[in-house]
Amino acid sequence: MSERRLADLLAMWRVRAFEEKVRELRLAGPIVGSVHLCIGQEAIPVGACDVLEPEDALFATYRGHGWALARGVPAERMFAELLGRETGVNGGRGGSAYFTAAEYGFHGENSIVGAGAPIACGAALAGRYDGSNRAAVTVFGDGAMNQGAVHEAMNFAAAFSLPVVFVCENNRYSELTPIADMVRTSRLADRAAAYGMPGYRIDGNDVEAVRFHVRDALEVAKENGGPTLLECMTERIVGHYIGDAENYRKPGEMDRIRAREPIARLRAGLLADGVPADEVDAVEARARAEMETAAAAALAAPFADPATAREHLYA
Amino acid sequence: MSERRLADLLAMWRVRAFEEKVRELRLAGPIVGSVHLCIGQEAIPVGACDVLEPEDALFATYRGHGWALARGVPAERMFAELLGRETGVNGGRGGSAYFTAAEYGFHGENSIVGAGAPIACGAALAGRYDGSNRAAVTVFGDGAMNQGAVHEAMNFAAAFSLPVVFVCENNRYSELTPIADMVRTSRLADRAAAYGMPGYRIDGNDVEAVRFHVRDALEVAKENGGPTLLECMTERIVGHYIGDAENYRKPGEMDRIRAREPIARLRAGLLADGVPADEVDAVEARARAEMETAAAAALAAPFADPATAREHLYA
Amino acid sequence: MPETRKLNYGEAVNAALHRLMAELPETLVYGEDVGLPGGVFGVTRGLRKQFGDRAFDTPISESAILGSAVGAAMMGRRPIVEIMWADFSLVALDQIVNQAANVRYVSGGRLTAPMTIRTQQGNAPGACAQHSQCLEALFLHVPGLRVCMPSTPQDAYDLLVTAVHCDDPVLVIENRTLYFGAKEEVTVGGPVQPMGGARVRRHGSDVTVVAWGAMTARVLDAAEALAADGIEVEVLETPWLNPFDTEAVLASAGRTGRLAVVHEANVTGGFGAEVVARVAGAGVPLLAPPIRVGAPDVRMPAAPILAQALLPDADRIAGEVRALVKG
Amino acid sequence: MPETRKLNYGEAVNAALHRLMAELPETLVYGEDVGLPGGVFGVTRGLRKQFGDRAFDTPISESAILGSAVGAAMMGRRPIVEIMWADFSLVALDQIVNQAANVRYVSGGRLTAPMTIRTQQGNAPGACAQHSQCLEALFLHVPGLRVCMPSTPQDAYDLLVTAVHCDDPVLVIENRTLYFGAKEEVTVGGPVQPMGGARVRRHGSDVTVVAWGAMTARVLDAAEALAADGIEVEVLETPWLNPFDTEAVLASAGRTGRLAVVHEANVTGGFGAEVVARVAGAGVPLLAPPIRVGAPDVRMPAAPILAQALLPDADRIAGEVRALVKG
Ligand SMILES: Cc1ncc(C[n+]2csc(CCOP(=O)(O)OP(=O)(O)O)c2C)c(N)n1
Ligand SMILES: Cc1ncc(C[n+]2csc(CCOP(=O)(O)OP(=O)(O)O)c2C)c(N)n1
Ligand SMILES: [Mg+2]
Ligand SMILES: [Mg+2]
C-alpha cells in the first residue's frame, strides 16, 4: 500500500517539478507566452491516468501539462515543445497550451474553453465502430461548465450512452473570477442529473479518491453504462497563468489551500504511517533531478526549423 | 368564469383560424417558403400572453404566429407580412419565420434554434437599469433544450437572478425526430435544477394551467426571485412545416393528439358546464370571420416596394 | 464499374453517400434528421435502412455534431456530418475553424481530421435572413479546410466522393434550390476524382465569367442571351474553391481580356474579391476593369419581391457583362 | 472640454470607457473578468469601482454575453461587451451575424442593436493557433456590422467613443501587443468623431501602402527603411474597415501608381483582396500589379521562431514593397 502511495507521490512530484521548472524557464526567458500551471491540482491527472488503458483517449485543456506527463508523454519532449524545439512533441507548433501527443494516448490540450468535450464524444463514438474498448476522458474547469459546447457534449454522450468520463477540475476560479459568483448553485456535479447521468463531487486533492472514481466511471462507460461527470474539488496554488497578480485571493486563502494541497497531504500521510522521512523526501529529489535532466536535454536541442513552418497543413 | 373561458376559446380560435388561413394561402400560392404552424399548441401563447404586461418582452421562434397574435399584433399586419406586403409588420422583410413587432410587445421570432434565449436575458438585464418592471419571456421547443445557447442563457439568468421565464413548448418532436430519442431523461423541466432555478412540467394544452404558471413565474421574476423554466407539454396536430409528410407518426398517434388538443378540450368543458353549443360555436365562427377579413385586407395591400430593399441596414 | 444513371442533384448526393458508405467502412453519416427521416430534403434517404447505426439522428447540437466529428475522425473514422443550413454553422464555428482546421498542422500530421461537412446555403423564395446567407468566403479564409460547391448532379456526386476520400476536413456546400432540379445523366461508381480543377461550361472569346454554386446556371442563361447580341462569354465554373484553380482563371481572362466574377454572396469580402485580386496581382492585361456581381451588402429580406431585387439573376448578370464588354 | 493626457493604447481604451460610462448612462460594460478584476489586460480597470454594477463579470458563456447584449441593446441599453480574444467569437458567431446584424434591417429600423463588441486579436509571441487569428475579414463580409481596428492610442480612444455612440453593432478589434506600448499624447474629452475615414501616416509618391492594425507600425518602419533607398512610401492606415474609405485609397493609388495592402491576416480571403479588387474595379491605372502582404495560408505555430517565419515584419514588407517599386 505504501508502495503505491510512494508511486503516486513520485508521479505528483514529477508534475510539480515539471511545472516549477517551466515557471523558472518562463520567468528567465527561454519559454515565452501564456503558461497555465497545474500546481496544486496534481492528484487529478495522476489518479486518473493511472487507471486509463492505452486505447483510451484523453483530451485536456491549456492547463494540461500534468495530464500529458501522467499519461506518459516524456518530460523532455514536453519541455522541448514549450521551448519551441524541433524535438518537441509537436516541434513547437502547439506550445504550452495546445500540444498533442496521440502516440502516448494524449489527444491534446485545447485552448478554447469547453471545446474538448464534444471532441471526446467523437473519440468515444468511434469506439462503437472500430472494435476497440475505448473510453474517452475529457478534462475541463469549473468555468467551462457554463460553456454551450460542454452542455451539448454532455447531452450527446448521455443520449447515446457514449463511454465518456467528464472530469471537471473545480479549482474555484475561472481565470480571475470565482465560479461561485457565476452560478446559482455551486455543486456542479448536480448538473449531471439534467442529462440523466451520474455526477459525483469528489475530493480532487485525494489521489486515491480520484483513482477510485475514475476507474468506476470507466468501468461503467465500458460496460455500456454511458457517461459520468466527476467534479474534482481542488485549488491552484499558483495564478491562472504565470504573471497573474492574484489580487482576487481572499485573506487566509492561500494558507488554507496550502494546508490541503495533494502533495503535502500525501507526504504527511506517508510519514504518519511510518514511512521514513528520507525515503519520502527522496521522491521529491528524484523527480526534481529527472526534470532538471529533461529540461537540460530539451534546452540543448535545436530550435524548430523555420523552413518547415508551412508544412503539414494538408495531406 | 365561463366568460374568461369563452375569451380563451376565442383567443385560441383566432390563432387556429389564422394558421389555417395561412396554410390555405401557402398551399394556394400567395405565401411562399417554409411555414411552421402552431396548430395544437394554441393554449400556451394564449395562456401566457394573457398575463404579460405591456412592459414585458417576448421572444418567440419561427413557430411564433400564435405568440404574436396572442400578444396583440393585428392579424392583418401579420398576414401582410407573410404575403410580402408593404403593410406587413416588417414590410415583408421578416416573413413567416422571423418577424418582429416591438410596438406590440412582440420582440420577434427567431429562426435559429435557441438563439432567442440569450437575447431575452439581455432584455431582462436592461430592466435592471432602466427602471422598468420588465420581465422577459423566451419561447423555444423541446429540441432547443440541447442547444448550447439555451444552456448559457439559463445559467446566465439564474446566476444573475434575471427576470426571465423560459417557456419550453415540448411538442415531443424536434422537426422530424422524437425528443425522447435525443435525451436520456425526458423530463426537460428537471434540467432547471442544474441552474438552481425552479422548473415545472405543466399541461400545455390547458390554458388555465399555462396562465397560472406563467403568472406565478412572472411574479417570482419581478420580485427578484430569478428565472423559471416551464416545460409545457403539447403536441402539433400538423407537420413541422407545411409540406411535412409526417412519416414519423406512430399508429394511433394523431387520434390521441386530437383527443386532447386544447381547443376541443376547452369546448367540451364549456359544453359540459352548460354553456349553450351555439354560443360556443359562435366563437369559432367569429374568429374565422375575423381572419377572413384580415387576410382579404392583407391580400388587397400593395406588395413591398423593391426600391426599398436596401434601406434600413444602418442608422 | 462505372455506370450511368438519370439522377437529379439531390439523388446524386444520395448515390454518392450510398457508394461511400459501401466502399469506406469507416464512414458515418449523421446530423439532425438525417437518419430515420432521411434528411429534411430527403438526401440521406435509405442510408439508415441499408447501413444501420452508421447513419443516425442527433440532437440539435451543432457543436456536438461537429466536435464529435473531429474526435471520431482523429480516431480513424471518416464522419460525414450535415449542418442543415450553412447559417447554422455559426453557432459552432469554433469546431470547424479552431478545431478541425488545426488538427493536422499542430500535430505535424500525426493526427488528422478526415471529416466531411455537408451543408447547403443560399436564398430560396420566402427564406428569411437567417436562412439565406452564402458563407463560403468565411470558410475560404481558413487555412486547413477544403471547400467545394457543386452545381450539377455529376459534380454533386463526384465532389462528395472526392471530399470523403480526402484526409482533411472538407466542406461540401450544396444548394437546396438545386436538389430537385432536372435529372441528368450521371456517371456513378467511377474512380475518385482528384481534388480541384475548374470547368469550362461554355467557350467564348469576349469575356471570362467565373462563377460557382447556384449562380452558374444563371450565368449560362445570361451567356445564352448575350450570344444573341454577339457577345461570346467564356463561362468558367470553379466548383472547387479550395484548392482554387487560379491558373485556369488567369489563362481564360488572359485570352478574353475581360473578367467578371459572379456569386450569390454579398459582394464586399466575398470570394470574388480574391479572384479579382489574384488576376490583378498576376498582372493579366485586361481591356476593362474587372467586375464583381453578387448580392449587394444588405441582409436578405424574406419577401420574394424584395429578395429578387437583390439577388443576381440572368438579366442582371447579362446587363452587367454587356456593359463590361461594350464599355 | 478636451484635454491632453499621456496614455498608452490600453490606457486610452480605459479612458474612453470611463468617459462613455460617464456621459452615456445607458452604457453597460461586461464580459469575462472585466468587472472586479478589471480585465485580463487591465483595460477595464476602475470601471466597477466607479460605476458599480454597470460593469460586471460574466460566466464563460460567449453566446450569453453577445446574445444578452443584443437583447439589452434592443431595449435601449448601450452594452459594451468584451470577447477576450477574437478567436473565441467563433463559439458564438451566431449572435453577431444572425442576430445583431439583422435587428435594424428586418424590423425596418423599429428595433436597433446599438452594442459595441470589444475584442483583440493577432499573434503575440508564444500564442497558439487558437489565440492568434486575425478574423476581421469574417466580420467585414457581414452587412449590418461596423468594424474598426485602431492602432494608435488616439484612435484607440476616438474609435471606441465613436463606436459606442453609433446606433448599430460595432466591432472594435484591438490588439494585445499594442496595449502596453509607448505613452503618447492623447486628446480626450473631445467631440465624438464621425465614423470612417483613413489616415495618411506618411506621405510619399512612389507607392501606396494600405494597412491596419498591428501592421501599421511595421509598415511605417518599412517605409523609413525604404526612404533610405530613395523609395517614398505613402502609408495609408484605414482604421475603419466598415465603413471603408475607398475614395482615399483610390486617390492615393492613383497618385503613386502602385499599391500594396498589408495585413496580419492570412492572405487568401483577407480584406486585402477586397481593397485590391476595388482598386482594380475602379480602373485606377497602376504601373505594376498590386501586391498583398499578409500571413501565408497556414495555421499559426506557437514557437516564436516558427511564427516569425510567417508573420509580416518590417523587413519582409520593405522587401516586397521594394520589389514592387523596382519591378
Ligand atoms: C471560449 C473561450 N472563452 C474564453 C476563453 C479565455 N479563458 C481561458 S481560460 C479561462 C478560464 C477557464 O476557467 P476554468 O474552466 O475554471 O478552468 P481553469 O483555468 O480554472 O483550469 C478563460 C475564460 C477561452 N480560452 N475560450
Ligand atoms: C441552430 C439551428 N439548428 C438547426 C435548425 C433547424 N431547425 C429548425 S426547427 C428545428 C427543430 C426544433 O425543434 P424544437 O426546438 O422542438 O421546436 P419545434 O419546431 O418542435 O417547435 C430545427 C432542427 C435551426 N433553425 N437552427
Ligand atoms: Mg477553474
Ligand atoms: Mg419540438
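Per chain, numbering begins at 1; letters A, B, ... match sequence-line order. Predicted model only: the values in this text are computed from it and were never measured.
In this structure, chain A has a heavy atom under 4.5 Å from the side chain of B:Phe160, while its backbone stays farther away. Contact of B:Met154 with chain A is not made at all, since no heavy-atom distance falls under 4.5 Å.
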All inter-chain donor-acceptor pairs under 3.5 Å (chain B, chain A):
{"from": "B:Met145", "atom 1": "O", "to": "A:His151", "atom 2": "NE2", "distance (Å)": "2.9"}
{"from": "B:Asn146", "atom 1": "OD1", "to": "A:Asn155", "atom 2": "ND2", "distance (Å)": "3.1"}
{"from": "B:Gly148", "atom 1": "N", "to": "A:Glu152", "atom 2": "OE2", "distance (Å)": "2.7"}
{"from": "B:His151", "atom 1": "NE2", "to": "A:Met145", "atom 2": "O", "distance (Å)": "2.8"}
{"from": "B:Glu152", "atom 1": "OE2", "to": "A:Gly148", "atom 2": "N", "distance (Å)": "2.7"}
{"from": "B:Asn155", "atom 1": "OD1", "to": "A:Arg191", "atom 2": "NH2", "distance (Å)": "2.8"}
{"from": "B:Asn155", "atom 1": "ND2", "to": "A:Asn146", "atom 2": "OD1", "distance (Å)": "3.1"}
{"from": "B:Asn155", "atom 1": "ND2", "to": "A:Met182", "atom 2": "O", "distance (Å)": "3.1"}
{"from": "B:Ala158", "atom 1": "O", "to": "A:Arg184", "atom 2": "NE", "distance (Å)": "3.1"}
{"from": "B:Ser161", "atom 1": "OG", "to": "A:Arg184", "atom 2": "NH2", "distance (Å)": "2.9"}
{"from": "B:Met182", "atom 1": "O", "to": "A:Asn155", "atom 2": "ND2", "distance (Å)": "3.1"}
{"from": "B:Arg184", "atom 1": "NE", "to": "A:Ala158", "atom 2": "O", "distance (Å)": "3.1"}
{"from": "B:Arg184", "atom 1": "NH1", "to": "A:Gly196", "atom 2": "O", "distance (Å)": "3.2"}
{"from": "B:Arg184", "atom 1": "NH2", "to": "A:Ser161", "atom 2": "OG", "distance (Å)": "2.9"}
{"from": "B:Arg184", "atom 1": "NH2", "to": "A:Gly225", "atom 2": "O", "distance (Å)": "2.9"}
{"from": "B:Arg191", "atom 1": "NE", "to": "A:Ala194", "atom 2": "O", "distance (Å)": "3.3"}
{"from": "B:Arg191", "atom 1": "NH2", "to": "A:Asn155", "atom 2": "OD1", "distance (Å)": "2.8"}
{"from": "B:Ala194", "atom 1": "O", "to": "A:Arg191", "atom 2": "NE", "distance (Å)": "3.2"}
{"from": "B:Gly196", "atom 1": "O", "to": "A:Arg184", "atom 2": "NH1", "distance (Å)": "3.2"}
{"from": "B:Gly225", "atom 1": "O", "to": "A:Arg184", "atom 2": "NH2", "distance (Å)": "2.9"}

